[in-house]
Amino acid sequence: MSLLVVGSVALDTVSNPYGTIEEGLGGSAVYFALAAIPFTTTSIVAVIGTDFPKEHINLLKQKGIDVEGLNISKGRTFRWSGKYSDDLNIATTLDTQLNVFADFKPKLPAAYKKIPSLFLANIDPKLQLDVLDQIESPQFVGFDTMNFWIDGQRDDVIEVMKRVNIIFINEDEAKMLTNKKHLLDCAESILKAGPQTAVIKRGSAGVALFQENKMFAAPVYLPTRAVDTTGAGDSFAGGFMAFVDRTGNQSWETLKRAAVIGTLIASFNIEAFSITRLNMLQHDEIKTRWQEFSEITSYGLEPLDL
Ligand code: AMP
């Protein structure tokens, strides 16, 4: 099994109460692909500029990520800079420079067109549609977006939403997209617009999954000491989608487990700046955290005798 992801490959400048990093490796597609590693292989569709450090490409290759679809264009790489609130829950974008992404027209390698599981990571919705159109027979399509695109290209975002199986979106962005105030109303409105499953990410309040007549909530992995939450959403989605890909079915039970895996992979990612922690992640650490998560969240509820 394998996954295709289209999204940003970026140089991120991030500052928060724990420190600052200048032009570190980031981008939605990078976090996604690194998070997927324990479960499946991922191919990246994106563009970088001629200024992109070679060592970053080497790292992705060395990690087994397929970069045949990573174009190098004359010009500057996508750059994002942001700062965070004290509790790291809210990212404020200081600057977004699309650079080479501004006129990127991807032409997928022939083998990529046959990959049925696709993640449209946070990037220009027109580009997401362009990639989706080139896939011969899409089976499981995930989608993420953010305020930048909802603000600037709402109609395109809604167009993508019609064609995906599952959406991953922040609670605030879900409210902005649907013009609703309550989580449940947001979820209902999103499900009406296309996807069968809505995953609403709620920062340190965890994550909620919705399908028609079904819902599930998972808290965050409590013992994490967050240092930089950049890429939390992308690494959640990477773990989630890759776990589903590996499992080979999209049943509700699989999606619930995938939400826990996504939570755990994101909990590792946020322990250090940039991709440092994902880069060192070991299978045993995931297994241990899975067990701990199970113990922390097991209520053992028996019927209430009232
Ligand atoms: P997250 O913290 O999961 O929302 O993702 C943060 C990552 O998204 C950073 O690595 C940024 O480079 C990337 N990013 C930020 N803004 C955009 C944007 N407008 N389009 C695509 N990627 C972005």
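Remember, it's 1-based here, ligands and their atoms both numbered in the order they're listed. Start at 1 with the first residue, then count along the sequence. Hydrogens, waters and symmetry mates play no part in the numbers below; they use all other heavy atoms, side chains included.
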Ring geometry between Y84 and W80 (parallel below 30°, tilted from 30 to 60°, perpendicular above 60°)
perpendicular

If you take all heavy atoms of I115 and I135, which pair is closest and at what distance?
O-CG2, 3.4 Å

If you take all heavy atoms of G142 and F168, which pair is closest and at what distance?
CA-CE1, 4.5 Å

Atom indices of ligand 1 within 4.0 angstrom of [X] heavy atoms, with elements:
X    : answer
G233 : 3 (O)
W149 : 18 (C), 19 (N), 20 (N)
G27  : 9 (C), 10 (O), 12 (O)

Quick one: which of N170, D234, V14 has a heavy atom closest to atom 8 (O) of ligand 1?
D234

Return the option from D12, N122, V9 holding the heavy atom at the smallest distance from atom 10 (O) of ligand 1.
D12

If you measure every N or O of [X] against every N or O of ligand 1, does any of those distances drop under 3.5 Å?
X   : value
G26 : no
S8  : yes
T96 : no
A10 : no
Y31 : no

For atom 2 (O) of ligand 1, which protein heavy atom lies nearest, and how many Å away is it?
G231 N, 2.7 Å

Starting from atom 17 (C) of ligand 1, locate the nearest protein heavy atom and write down its residue, its atom name and how far away it is, to 0.1 Å.
M146 SD, 3.5 Å

For [X] and [Y], test the side chains for any donor-to-acceptor distance below 3.5 angstrom and give the result as yes or no.
X    : Y    : result
Y221 : E292 : yes
T40  : S2   : no
T247 : N249 : no
D95  : Q97  : yes

Salt bridge between E285 and R277, side-chain N to carboxylate O under 4.0 Å?
yes

N-O pairing of D234 and K201 below 4.0 Å
no

Any non-hydrogen atom of F101 lying under 4.0 Å from ligand 1?
no

Region of A232 engaging ligand 1 - heavy atom pairs below 4.0 Å:
backbone

